Amino acid sequence: MGTEIDETRFDRDDFLRFSQRLRDETRLYKDWLSEGRFVDGPRRMGLELEAWLVDEAGRPAPCNAQVLESLHDPLLSPELAQYNLELNTHPLALRDTALSDTQRQLEALWARVAAAAAPLGVRPGMIGILPSVTEDDLCLARMSKLRRYQALNEQVLLLRNREPLSVDIRGEERVQTRHADLMLESAATSLQLHLQVGPAEAPAFYNAAAALSAATVALAANAPFLFGRSLWEETRIPLFEQAVAVGPLHGGHAGPLSRVGFGSGYARDGLYSFFVENRQHYPVLLPVPLGEPAERLPHLRLHNGTIWRWNRPLVGFEEDGRPHLRIEHRVMSAGPSFIDTLANAAFFYGAVHALAAGDRKLPYPVLEANFYAAARHGLRATIHWGGGEISVQRLILTQLLPAAAQQLQALGLAQTDIDRYLGVIEARVSAERTGAAWQRQWVGRHGRDFAGLTRAYLKQQAGGEPVHAWPI
């Protein structure tokens, strides 16, 4: 979805041509698997961090174009709304000081964004849902001025027969609203972790990432409020799913699979089945004729970019043109701090290696139920695991955290990084002090001043300490 397009309106022939190219490129993907064309190592890590721009009053600031124009950095890109942007890091082999090196990359890029935003009276912030955002902020006038977002909005509404999008989220309280465009999606910002793997091992790692999602969404929960209401520990999950929901197709036939969701089942055969599923079950949203050769899989990649599985398969290319596979783990909130962010990454990369090495699999619907229970209740959720029930907090502390440490050591990560980052996870989980918990405790003490909460949160974030050490 990072590809800009030339058109925003399409006709039947556009869809037919795109569908043919998508079919050809999906077949090419299969051929590459059988021919051994995909890169088989080393395993690499990388991340994307979605951020907010916030003014001095603690409100969303719609000025990403000015910030990005002043920087001209390919590692920065606009998001759907003018008050959001995305920061990317260079991929690194998963060894030595890759974790702390990534933190330094991210901090340096963040400092550049902060310096560019400061003259506008604005600062960047990383959080799952900005507490001060209102429905009035989520309007088309605040959409980033890119044609791909205009086209995406138009096509989703066409699939819904122009019915407004409905959101109904029930937690401690309830938010129920209808919205005439996609802008509700922009209220949800995340940390997206990438793991590059070989084709033979890709299904095991994808399935491990799915199994791990309950633990990672709980320990990274940082979105308890929306429009002044107390909802899920990670309200970003139901918000994003409902904000891009398509309805029944014309004629009353059953609708397609959810464009945002946990997925339909386990991975197999070099992740090929997901791209077949993409072609067969997800209507094309952006039927743009792309000038790149078929060997770059441009239509397959663009279509895949309009399907937001919480664990998403990705195809990329090396500098020499060889294709590679990545798994994108999308379940974690942005923030609260840089050390928290890399601690989340360390836990994921270690634990996903541990689970990928195992051979026991729960039924996929059980993993899905685990994920939503953890998104709703956080570390206190009880999930199914290993033939019984266990709290997510206990699972992390007694099983996943020790296994993650062992795997990071086996990968050759620096012991100082392992101790530092996994120590943050242990302290956060033991204290039950996630970003969501800190926000709830702040409101419990200071009241429902959500602009005040935003300012207090950003002040603590700027201090650089992990969230479990933040004062209330």
Side-chain angles (χ1 to χ4, degrees), residues 1-5 8 46-55 59-89 106 109-110 112-114 116-117 120 122-135 137-156 165 179 181-194 222-223 226 235-237 239-241 243-244 259-260 285-286 302 304-308 310 312 314 328 330-335 341 454 458:
M1 272 305 297
T3 302
E4 181 56 318
I5 63 177
T8 60
L47 63 80
E48 304 170 33
L49 177 67
E50 296 170 346
W52 292 80
L53 295 169
V54 185
D55 66 20
R59 300 275 297 119
C63 59
N64 64 3
Q66 298 96 305
V67 172
L68 293 171
E69 286 170 8
S70 69
L71 293 172
H72 296 289
D73 193 319
L75 294 176
L76 298 170
S77 60
E79 282 290 318
L80 175 63
Q82 296 171 20
Y83 38 74
N84 299 138
L85 49 79
E86 181 182 274
L87 295 82
N88 293 265
T89 62
L106 194 58
L109 188 57
W110 189 269
R112 295 191 66 217
V113 171
L120 305 172
V122 168
R123 54 182 165 172
M126 44 183 163
I127 191 170
I129 296 175
L130 197 72
S132 59
V133 72
T134 68
E135 283 201 72
D137 296 315
L138 307 175
C139 62
L140 284 179
R142 294 291 181 257
M143 180 179 281
S144 292
K145 306 301 182 183
L146 278 80
R147 288 183 294 274
R148 68 174 182 265
Y149 292 134
Q150 299 170 31
L152 186 65
N153 183 67
E154 176 69 13
Q155 294 303 312
V156 167
L165 289 141
H179 212 73
D181 52 62
L182 281 186
M183 289 298 288
L184 283 169
E185 176 196 333
S186 67
T189 46
S190 66
L191 168 67
Q192 296 155 28
L193 298 175
H194 289 226
N222 199 20
L226 176 65
T235 304
R236 183 179 57 87
I237 300 299
L239 175 61
F240 192 15
E241 291 188 353
V244 196
R259 298 201 82 101
V260 184
L285 290 182
L286 299 178
L302 177 60
N304 189 55
T306 67
I307 300 160
W308 297 272
W310 291 117
R312 180 162 63 175
L314 296 177
E328 183 185 43
R330 303 172 52 83
V331 311
M332 293 181 170
S333 257
T341 298
T454 300
L458 293 180

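The shown structure was predicted, so the numbers you read here are calculated from the model rather than taken from an experiment.
Across L49 and W110, no two heavy atoms sit closer than the pair CD2-CZ3, 4.1 Å. Here the shortest heavy-atom pairing between G335 and T341 reads O-OG1, 4.0 Å. Nearest heavy-atom pair, M332 versus L193, reported as atom, atom and distance to 0.1 Å: SD-CD1, 4.0 Å. Of all heavy-atom pairs spanning A334 and N222, the tightest one is O-ND2, 2.9 Å. Nearest heavy atom pair, residue L458 against residue P124, reads CD2-O, 4.3 Å.
Counting only heavy atoms from C-beta outward, the side chains of L152 and L80 never approach each other to under 4.5 Å. Within the 4.5 Å cutoff, the side chain of T306 has no heavy atoms near those of the Q155 side chain. At a threshold of 4.5 Å between non-hydrogen side-chain atoms, the residues V54 and V122 do not count as touching. When side chains are defined from C-beta on, W310 counts as touching I237, because their heavy atoms get closer than 4.5 Å.
Among residues two or more places apart in sequence or in another chain, the side chain to side chain donor-acceptor pair (under 3.5 Å) test is passed with S333 by E234. In this structure A81 satisfies the side-chain contact (heavy atoms from CB on, under 4.5 Å) test together with Y83, N84, M183, S186, sequence neighbours excluded. In this structure, the side chain to side chain donor-acceptor pair (under 3.5 Å) partners of S190, at least two apart in sequence or on a different chain, are E50, Q192. Not counting sequence neighbours, the partners of H194 by the side chain to side chain donor-acceptor pair (under 3.5 Å) test are E48, R326, E328. Among residues two or more places apart in sequence or in another chain, the salt bridge (Lys or Arg N to Asp or Glu O under 4.0 Å) test is passed with R59 by D137. In this structure, D55 has no salt bridge (Lys or Arg N to Asp or Glu O under 4.0 Å) partners at least two apart in sequence or on a different chain. Residues satisfying the side chain to side chain donor-acceptor pair (under 3.5 Å) criterion with T89, sequence neighbours excluded, are absent altogether.
In terms of modelled atom types and a separation under 3.5 Å, the side chain of R236 and the main chain of V331 share a donor-acceptor contact. Not a single donor-acceptor pair under 3.5 Å links the side chain of T189 to the backbone N or O of A51.
Sorted by first then second residue, the side chain to side chain donor-acceptor pair (under 3.5 Å) pairs that include residues 65-82, not counting sequence neighbours, are D73-R112. Every pair tested for salt bridge (charged side-chain N to carboxylate O under 4.0 Å, His left out) that includes a residue from residues 183-194 fails, sequence neighbours excluded, so the list is empty.
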inquiry  = Test side chain to side chain contact (heavy atoms under 4.5 Å, CB included) on F240 and V244; report intermediate values, then the result.
reply    = CA-CA 7 Å; F240 192 15; V244 196; 3.6 Å; yes
